[in-house]
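Have a look at the structure below before the remarks.
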Amino acid sequence: MGKLEVNVSMYPVGELGDCFLLKFSQDDAHCSVLIDSGSFSNSKASIARLRVIAEDIKQKQTLVGKVNPIDVVVGTHQHNDHLSNFVHSKDIFKEIGMKNVWLSWLDEPGNEHADNIAKGERKLVNKLEEINAKISKITNLKKGQTAQRINEILGFYGLDKQPKQNPVIPQYALNNLKEIAEAISYLTPGKVLSLPSFPEDAVKIYVLGPPTDNDMLFDINPGKGESYDEKLKTAINGTDAFLSALTNFSDCPCDEESYFPFNERYKMDPTEHAGAIGSYNLKGQEWRKIDDDWLEQAERLALYLDTYTNNSSLVLAFEMVQAEKVLLFVGDAQTGNWLSWKKVDFGAGNTSVSNLLARTVLYKVGHHCSHNATLPECLEKMTHPELVAMIPVDITDSHISRKNGWKMPSANLYKRIKELANGRILRMDGNYQSDCPIEGGHADTNWGAMLSHVNMEKIAGLNNEIVTYKIY
Ligand SMILES: [Zn+2]
């Protein structure tokens, strides 16, 4: 029997986003796995790039003039930057076809637990949309970063500018996947699958997340004993109070009373406190002012929503059994998801999560290498000498490049990944560090040996090359 090999292609979506095509082969057996396809914005330029990518996937699925359906399409979580292409290139994906679609248990219709969570989440998204619409109407307010950040977080949900537009793009994407797929599976942690079209036990696929435990799913810092229901309820109540304050603020701007989002008893007569008010309004002391700080409440709620959706990521580990090598794809999983892996049991005859981490030779870095989407205690277990990290990050994305932009990649995490991977980092934006160049690599680093595994492919319509890494 010939050697099993897999080619992992990272598509350069040109902004925040994930699109990975895995091509497994051994003798006559072939299997293609597409993990996510999307980018953050739904601009004309983004859509054009995504369509080029879909056409390239179609070409890579074509053998002797025949287009072969993708064997497995994985949708990790309901964020625009992971699923939008299944909307923008639906026609192309329909031509290609999909034999299997794998989604998380949270996407399963009729799953009561999942339905309740989805309902609560939807409500929160709608409230935030309302808040967003109201904030954008207020002209006499320093909206600044708060409004911008809420807008950005809502952007992950692919929301239209008009509030209450249902369903949003990631939901359309799921509908399209369900429509195109010949078969759908909703996966729960602990499940072990084998790779379609391959002998059983050639490649085992382990499901690590998303957790079914609400505490893990809904908390960035689990272990405080707070349940999901309480948390989401508090969040929604928070948006209600916030909305009523905003309604006062924006609907009658000439009435001084309405500028006051607090209870009447906290109000003081300015003439009695002229001294305090004088120093409050001192020139050069504007940074002390708190007039608009209440708006930050909305930002916190938006961040909460964002964390939850990232934690809902489907996490898969592909084990090449004979080679004893593992490919780890975590979507955008945040702390709660990673922590929950400790409790996952794959049953008799299967390995443990620690063992999978120790044998990981390819880590698809979570959430575009942001600081809270790779749990240190798990990363430290990735000690395989061949470890390579693939990072879907593009620092030309204006959300990252602007002043006070998103910290992606986060400096300390990036540094540690680089140390563990011996500098072998493959980035979507082609910005390799000077000490780990992709071409003419330093002979004294592991890059030299790695270069024969890397293929860079430039195609028209994409700013960067498609990076393919071969493992066998
Ligand atoms: Zn993402």
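When a ligand or atom number is given, it counts from 1 through the structure's own listing order. Here, residue 1 is the first one in the sequence, and each next residue gets the next number.
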Exercise. When you measure from the Zn ion (ligand 1) to each N, O or S atom of H368, which atom gives the shortest distance?
Worked result: NE2
For this session: Have a look at H82 and say which of its N, O or S atoms is nearest the Zn ion (ligand 1).
Result: NE2
For this session: Please report the shortest heavy-atom distance between K364 and D332, naming the atom on each side.
Result: NZ-OD1, 4.3 Å
Exercise. By atom name, which N, O or S atom belonging to D332 lies closest to the Zn ion (ligand 1)?
Worked result: OD2
Seminar exercise, completed: Heavy-atom nearest pair, P211 first then G336, reads CG-O, 4.4 Å
Exercise. Does any N, O or S atom of D18, backbone or side chain, fall under 2.8 Å from the Zn ion (ligand 1)?
Worked result: no
Problem set entry | Any donor-acceptor N/O pair, D71 side chain to S32 backbone, under 3.5 Å | yes
Exercise. Which residue, K23, K470, K325, forms the salt bridge (Lys or Arg N to Asp or Glu O under 4.0 Å) with E5?
Worked result: K470
Exercise. Thinking salt bridges, do E55 and R51 make one under a 4.0 Å N-O criterion?
Worked result: no
Seminar exercise, completed: Restricting D81 to its N/O/S atoms, the closest one to the Zn ion (ligand 1) is OD2
